[in-house]
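Below, chains carry the letters A, B, ... as their sequence lines are ordered, and counting in each starts from 1. What you are looking at is a predicted structure, and each value in this text was computed from that prediction instead of being measured.
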There are 2 protein chains.
Amino acid sequence: MTQPCTEHKECISKAMREGERVCQDNDQRFTAVRRRVLEIIWETHKPIKAYDILEKLSDSAGKPPTVYRALNFLLGNGLVHKINTLNAYIGCTHPREHAQCFFIICKVCGTATECCNSALNGIIQETAKKHNFTNYTASLEIQGVCEACANSPPS
Amino acid sequence: MTQPCTEHKECISKAMREGERVCQDNDQRFTAVRRRVLEIIWETHKPIKAYDILEKLSDSAGKPPTVYRALNFLLGNGLVHKINTLNAYIGCTHPREHAQCFFIICKVCGTATECCNSALNGIIQETAKKHNFTNYTASLEIQGVCEACANSPPS
DNA sequence: TCGATAGTGTTATACTATAACATTAATAAA
DNA sequence: TTTATTAATGTTATAGTATAACACTATCGA
Ligand SMILES: [Zn+2]
Ligand SMILES: [Zn+2]
Ligand SMILES: [Zn+2]
Ligand SMILES: [Zn+2]
């Protein structure tokens with residue numbers, strides 16, 4: 001099993017408060033579906049797939065467009081990020097602090113951690129400038145093996 | 001229309017020679033299907049989708065598994081890269097020189113250019129180290145507006 | 001209360017990718 | 001050369017990811 005985050009409930013409620021706040025700031029409605037999807041995303045604490053979210057929704061709301069609409073809303077408001085290499089979604093740990101997030105993902109246990117840092121931002125900005133690109137966003141996904149998984153004995 | 005690359009035929013034939021060479025080095029067979037798929041990929045000079053490659057193959061070979069098998073072969077041998085944010089594939093301009101490639105992609109005209117550089121590699125390596133990750137690969141995709149598109153008058 | 005807008009439900013369908021197994025081609029061994 | 005072995009391809013079906021289109025409902029401001 002994956003070690004449960006000790007402060008897990010704390011994380012979820014913090015994320016929900018952030019959601020509340022962001023929606024208020026952006027003059028957006030934080031509806032029941034959107035709430036529930038954000039909650040589900042935070043409950044796993046790992047990248048989760050759209051159709052897995054679907055399964056966790058009650059039957060009445062459980063259709064693809066419902067989930068994708070909620071996801072797109074959350075993505076648009078910076079509350080969630082998409083991991084493109086996995087076709088999966090994960091909650092943002094610090095919305096309102098940045099426009100984009102970088103991730104380092106363990107191929108073994110599936111954890112994805114934000115690894116945003118200013119050095120990375122700087123080099124990426126330089127790279128964009130060197131190529132005369134404007135108005136850019138960046139997606140960086142590093143996939144490797146985390147320390148815990150590297151140390152755990154092979155099955 | 002997209003401006004044709006003046007050295008276009010040159011690019012294709014160079015890519016094919018590279019393919020030849022890489023397959024030889026890796027003791028792999030550069031079959032007709034694999035050749036043709038690599039050629040199609042280079043003919044567009046832009047990220048191309050699997051099903052668009054499919055359409056350009058003759059009917060006899062035109063089934064999804066054929067294309068995906070060829071793509072996976074080419075990816076595995078470093079002759080092609082996948083652009084995850086676009087679900088598309090593009091030829092590598094310098095196989096054998098690096099394990100991974102970074103891309104800067106114009107949202108308007110669709111061109112994707114490799115923007116690998118050692119500063120980026122360095123920071124990414126540092127980031128992986130800081131998180132105690134080993135055995136990593138990185139995917140970086142910068143999406144913005146290229147100079148030409150920024151300067152072209154709005155329609 | 002009414003009208004406009006935003007959000008959701010629902011059905012269908014488009015797009016992306018692989019599983020599974022039959023067939024053929026290439027290589028190695030007898 | 002014949003035969004086994006393996007690698008590659010053909011073929012059918014299906015899994016997995018995402019959106020279009022339209023009907024319906026809730027919300028909010030006149
Ligand atoms: Zn974030
Ligand atoms: Zn791990
Ligand atoms: Zn490359
Ligand atoms: Zn452009």
Side-chain angles (χ1 to χ4, degrees), chain A residues 19-20 22-41 44 46-77 79-90 110 139 141, chain B residues 19-20 22-41 44 46-77 79-90 110 139 141:
Chain A
E20 207 79 61
V22 166
C23 289
Q24 218 164 342
D25 289 0
N26 296 356
D27 214 6
Q28 300 277 290
R29 286 167 52 200
F30 199 29
T31 64
V33 178
R34 293 166 177 175
R35 255 170 230 278
R36 184 70 192 111
V37 169
L38 186 58
E39 225 168 46
I40 289 170
I41 286 172
T44 84
K46 285 186 183 179
I48 183 173
K49 305 210 155 220
Y51 277 73
D52 292 335
I53 295 172
L54 204 53
E55 280 183 2
K56 303 201 177 205
L57 280 176
S58 66
D59 290 346
S60 74
K63 300 275 170 56
T66 308
V67 164
Y68 283 103
R69 280 192 287 231
L71 283 173
N72 287 328
F73 173 86
L74 296 169
L75 287 167
N77 286 278
L79 292 165
V80 158
H81 297 292
K82 178 171 184 182
I83 310 287
N84 293 297
T85 48
L86 301 177
N87 292 324
Y89 304 83
I90 190 166
S139 154
E141 298 170 15
Chain B
E20 206 80 61
V22 166
C23 289
Q24 218 164 341
D25 289 359
N26 296 356
D27 213 7
Q28 300 277 292
R29 286 168 51 203
F30 199 30
T31 64
V33 178
R34 293 166 178 174
R35 253 171 231 279
R36 185 70 192 110
V37 169
L38 186 58
E39 226 169 46
I40 290 169
I41 287 172
T44 84
K46 285 187 185 181
I48 184 174
K49 306 213 153 215
Y51 276 73
D52 291 336
I53 295 172
L54 202 55
E55 280 183 2
K56 302 200 176 206
L57 280 176
S58 65
D59 289 345
S60 74
K63 301 275 169 57
T66 308
V67 163
Y68 282 103
R69 279 192 287 233
L71 283 173
N72 287 328
F73 173 86
L74 297 170
L75 287 167
N77 287 276
L79 293 165
V80 158
H81 298 291
K82 178 171 184 181
I83 309 287
N84 293 298
T85 47
L86 301 177
N87 292 324
Y89 304 84
I90 189 166
S139 154
E141 298 170 16

Self-check item: Gap between atom CD of Gln28(B) and atom OG1 of Thr31(B) - 0.5 Å precision
Solution: 10.5 Å

Exercise. Give the rounded distance in Å between these two atoms: CD of Gln28(A) and P of dT5(C).
Key: 16 Å

Quiz item: Nearest nucleotide by nearest heavy atom, which residue falls closer to the 5' end of DNA chain C, Leu86(B) or Arg69(B)?
Solution: Leu86(B)

Quiz item: Counting any heavy atom closer than 4.0 Å, what does Phe30(A) reach on the DNA or RNA strands: base, sugar-phosphate only, or nothing?
Solution: nothing

Practice problem: Nearest 0.5 Å please: distance from the OG1 atom of Thr44(A) over to the NZ atom of Lys56(A). | Solution: 6.5 Å

Self-check item: Nearest-Å distance for atom pair CG/P, residues Asn84(B) and dA18(D)
Solution: 12 Å

Quiz item: Atom CG of Asn72(B) and atom CZ of Arg34(B): how far apart are they, to the nearest 0.5 Å?
Solution: 10.5 Å

Quiz prompt | Between CG on residue Leu38(A) and CZ on residue Phe73(A), distance to nearest 0.5 Å | solution = 10.0 Å

Exercise. Nearest whole angstrom, please: distance from the C1' of dT17(D) to the CG of Leu71(A).
Key: 12 Å

Quiz item: Hey, what do you get for CG (Asp25(A)) to CD (Glu20(A)), rounding to the nearest 0.5 Å?
Solution: 11.0 Å

Exercise. Taking only the side-chain nitrogens and oxygens of Tyr89(B), find out if one of them lies under 4.0 Å from OP1 or OP2 of dA17(C).
Key: yes

Self-check item: Rounded distance in Å - CG (Asp52(A)) to C1' (dA18(D))
Solution: 15 Å

Practice problem: For Arg29(A), report the nucleic acid contact type (base, sugar-phosphate, nothing); a contact means any heavy atom under 4.0 Å. | Solution: sugar-phosphate

Quiz prompt | Option passing side chain to side chain contact (heavy atoms under 4.5 Å, CB included) with Lys82(B) (candidates Asn87(B), Ile90(B), Leu74(B)) | solution = Asn87(B)

Quiz prompt | Selection: residues 31-38 of chain B, any non-hydrogen atom under 4.0 Å of DNA chain D | solution = Thr31(B), Val33(B), Arg34(B)

Quiz prompt | Interatomic spacing from CG in Leu71(B) to CD1 in Ile53(B) - rounded to 0.5 Å | solution = 4.5 Å

Practice problem: Rounded off to whole Å, could you give me the CG-to-C1' distance for the Asn72(B) and dA8(D) pair? | Solution: 14 Å

Quiz item: To the nearest Å, how far apart are Tyr68(A) OH and dT17(D) P?
Solution: 7 Å

Quiz item: Taking the side chain of Thr66(A) as heavy atoms from C-beta outward, which of dG10(D), dG9(C), dT16(C) is closest to it?
Solution: dG9(C)

Self-check item: Toward the 5' end of DNA chain D, by each residue's nearest nucleotide, Asn87(B) or Lys63(B)
Solution: Lys63(B)

Quiz prompt | Side chain of Pro65(B) (C-beta onward), nearest among dA17(C), dA21(D), dT18(C) | solution = dT18(C)

Quiz prompt | Donor-acceptor pair present, Tyr51(B) side chain and dA17(C) base, under 3.5 Å | solution = yes

Quiz item: What is the distance from CZ of Phe73(B) to P of dA17(C), rounded to the nearest Å?
Solution: 19 Å

Practice problem: Starting at atom CD1 of Ile48(A), determine the distance to atom C1' of dG16(D), rounded to an integer number of angstrom. | Solution: 15 Å

